[in-house]
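Worksheet: one structure, shown below.
Just so it is clear: chains get the letters A, B, ... in the order the sequence lines come, proteins before strands, and each one is counted from 1.
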Number of protein chains: 2
Amino acid sequence: MVWLRNHPRFDRHVRPPVHPRLSRLRPALRARVAGLSVSGGRVGKRPVTLKDVAARAGVGAITVSRALREPAAVSAALRARIEQAVAELGYVANHAASSMAAGHSRIVPVVVPTLAHPVYVPFLDGVNAVLDEQGYQVLLGTTEYRQDREARLVEGLLGWAPAGLLLAGVDHTPALRVRLQALARTRPLVEFMDLDGEPIDLMVGFSHRAVGRAVADWFADRGFRHIAIVSTGAEHDLRAARRAQAFAEALAARGLRDDYILDGQGPSSIAGGGRLLAELLQRHPQVQAVFLANDDLAAGALFEAQRRGLRVPQDLALMGFNDAPIAAAVVPALSSVAVDRRGMGHTVATLLLERLAGATPQARVIDTGFSIVARASTDAPPRPTGDLT
Amino acid sequence: MVWLRNHPRFDRHVRPPVHPRLSRLRPALRARVAGLSVSGGRVGKRPVTLKDVAARAGVGAITVSRALREPAAVSAALRARIEQAVAELGYVANHAASSMAAGHSRIVPVVVPTLAHPVYVPFLDGVNAVLDEQGYQVLLGTTEYRQDREARLVEGLLGWAPAGLLLAGVDHTPALRVRLQALARTRPLVEFMDLDGEPIDLMVGFSHRAVGRAVADWFADRGFRHIAIVSTGAEHDLRAARRAQAFAEALAARGLRDDYILDGQGPSSIAGGGRLLAELLQRHPQVQAVFLANDDLAAGALFEAQRRGLRVPQDLALMGFNDAPIAAAVVPALSSVAVDRRGMGHTVATLLLERLAGATPQARVIDTGFSIVARASTDAPPRPTGDLT
DNA sequence: ATGAAAGCGCTAACAA
DNA sequence: TTGTTAGCGCTTTCAT
């Protein structure tokens, strides 16, 4: 067959011919007879089903089902026999079958904008830790900050008849919002990371507007008058945009200039922070303090300031956001806004589980708050600017 | 009913009484009749099924199924009518039903040790980007570096009849290994991040032993003789342990001291890097160069060195691992070993898809390699140590 | 190219 | 406490 070496068939998986006697069987069945296990079951044997366990234990299938799902509902004697049969046969439940029969699954999709931005990872980790513990599976989805992608993604995710749904943020397409409202009548839905919107069902997070306001006030209270806010990709990251807007409003309310706002393109990187600070200082050399949208940007700004011979905090105060490890690590250490993302994940997952257990939660909206961690990078009075405004 | 306020029932979700006429229906059916959609379908109407679409389009259910899965197999005319019906009815496929009927799902579990360690996140992101594109769903699992957890986790995951399986590393319990070998006969399985083991099916990554060797040789070639390696949690992180082992072997092969090995407890943090360097220098002040298990540790070591008045690289050379952004950002910039994690994720997912498409991959093992990125933190000859060995 | 029939493995309802 | 019955929505096979 050497002459066939370049034949396309050689690039494809060659399936062994099916025995004619078996050909009219469905694939899963056929695999059973042929001794191949597609999922679960003892190796080299046909997949073990609930029925097999039931037969082995000498009980009805439904009793096995119950013993596995609500052990308390089955007598201890039977339970023991069933557990033994499960172990002996290496039974693994078929989740698809149980989802179909029950009308819902133990899948919980978690939809976040991106994994590239490190804030969602601890959150995801926190959610996963709690849900995994309770036998739920996290299905991952990323929107890349696109509402249309979110809508499509969620649409597909609903096909799993999920136990609940966890969505980052409050900004959804109108069509999705309607869909979610209907969903929330039968399944818990938690919007997280953001409190600046009308909850569809449950909501856990903090107000990005409150953060913007708090940081603006914090600097203003300390006598700063030229206070800037810097971010990247705020046209997509609506939470960053809300921080910036509330920031500007708070400054305006105090009669301070509110137009030191810079939003750049590209990812939020240390290098980007340097570039943005350079751009900001070129336009507005009088700026005394900068609130950056995350700690990478802030660290980059710090390094750029040092390259320019600007002293931080004496010549320029910097504050980051997220309180990532890098904030405490650089010299001078960066002030930052701390949010417990992993804890938020825990809270979200716990709330979901409570709801699934049938409890009516205390509150539909949980504010997990934030705090301003003041470090060396803001530990000096504002530099005199010469103007008298 | 005020007197019932503290009754347990008030803490539970009160389900509306089921209409007796409906009570003998199954829950999913009942929801349909009651006008509630559990998954998919138009809001406020009963869930739309394939049958509904078929009826609307005036074709058989199977034709709709085909039109959705292999459009080419259906005539253009019918396809158009079907697509219109799908859109009009807002049909969302029930994945559980299709998984059950087909015997396998479009779920791909990705099992990683942890999300707390940032290296797995870009990988996961890369996998997700490719699989999402093709309509596959990533199911997330974390082992916390525990083989027993991995075995249990995978066991449960198999209940989804996944399209394939992606596992970090080559270190599995013997029982799981047997199970996976059986699985691999029907589903593609990719072990990733590590090449130091016998592949069960497919394998993508790089050799951590090769990394350890390469870094040891790199320092030795440049005249360093007291070369240390520092990590945390190597008893769990077997990849870090392999790097250390090969590192020591390479030094020994050159007649250099191979016992400057320090492994600490706790998470790999910047602060931890400082503590570990302090400990290392206390024990072995003669050390000239240190290879740290990641860039956070390396940055922490750098800051600790600076606190002690040690010049990097003149007094102490430092090299990190992963080439994270922080490595390039600190001053002096840290040398590091670069690995394209996101690209690895792409490669893994692509390989999986090829296999699912029936192709026989070129190779069962793909080495994605690594490179040593030399920066300022190693840019000086070794400090004289006075000894003559 | 399209359809009819069968059944994937499990669980809800009801009965015993 | 346990079993019987029916059926979840889809895809496979085989026939047309």
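The interatomic distance linking Glu70(B) (CD) with dC10(D) (C1') rounds to 14 Å, in whole Å. When the C1' atom of dG9(C) is taken as reference, atom CZ of Arg69(A) falls 13 Å away, rounded to whole Å. Straight-line distance from the NZ atom of Lys51(B) to the C1' atom of dC10(D): 10 Å, rounded to whole Å. Taking atom CG of residue Leu68(A) and atom C1' of nucleotide dC10(C), one finds them 11 Å apart after rounding to whole Å. The distance from atom CD1 of Ile82(A) to atom P of dT1(D) is 13 Å, rounded to the nearest whole Å. When rounded to the nearest whole Å, the span between CE of Met100(B) and C1' of dG9(C) equals 5 Å. dA1(C) atom C1' lies 13 Å from atom CZ of Arg81(B), rounded to whole Å. One atom, CH2 of Trp160(B), and another, P of dG9(C), lie 16 Å apart when rounded to the nearest Å.
With Val190(A) as reference, Val204(A) is the one residue of Ile200(A), Val108(A), Val204(A), Leu167(A) to meet the side-chain contact (heavy atoms from CB on, under 4.5 Å) rule.
Applying the 4.0 Å criterion to OP1 and OP2 of dG9(D), one finds that Thr49(B) has every side-chain N and O outside that range. Dashed line: the shortest gap from a side-chain N or O of Arg79(A) to OP1 or OP2 of dT2(D) is not under 4.0 Å. Between dC10(C) and Tyr91(A), a contact under 4.0 Å exists linking OP1 or OP2 to a side-chain N or O.
Across dA4(C), dC10(D), dT2(D), the shortest atom-to-atom separation from the side chain of Ala97(B) is found for dC10(D). Here the side chain of Leu78(B) is nearest to one of dT11(C), dT2(C), dC10(D), namely dT2(C). Among the nucleotides dT11(C), dG3(C), dT2(D), the one closest to any side-chain atom of Ile62(B) is dG3(C). Closest approach to the Ser75(A) side chain among dT11(D), dC8(D), dT1(D) is made by dT1(D) (side chain taken as heavy atoms from C-beta onward). Minimum atom distance to the side chain of Asn94(A) is reached by dG9(C), of the listed dT4(D), dT11(D), dG9(C). Closest to the side chain of Thr63(B), out of dG3(C), dT2(D), dC8(D), is dG3(C).
A salt bridge is absent between Asp132(A) and Arg152(B): the closest approach of a Lys/Arg side-chain nitrogen to an acidic carboxylate oxygen does not fall below 4.0 angstrom.
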| query | side chain to side chain contact (heavy atoms under 4.5 Å, CB included) between Leu176(A) and Thr173(A): does it pass, once the steps are laid out? | reply | CA-CA 5 Å; Leu176(A) 179 61; Thr173(A) 65; 3.2 Å; yes
| query | Please walk me through it: do Val138(B) and Val127(B) pass side chain to side chain contact (heavy atoms under 4.5 Å, CB included)? | reply | CA-CA 8 Å; Val138(B) 167; Val127(B) 167; 4.2 Å; yes
| field | Stepwise salt bridge (Lys or Arg N to Asp or Glu O under 4.0 Å) check, Arg355(A) with Asp201(A) | value | CA-CA 11 Å; Arg355(A) 188 62 157 276; Asp201(A) 183 16; 3.0 Å; yes
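Arg66(B) comes within 4.0 angstrom of a nucleotide base, judged by non-hydrogen atoms across all strands.
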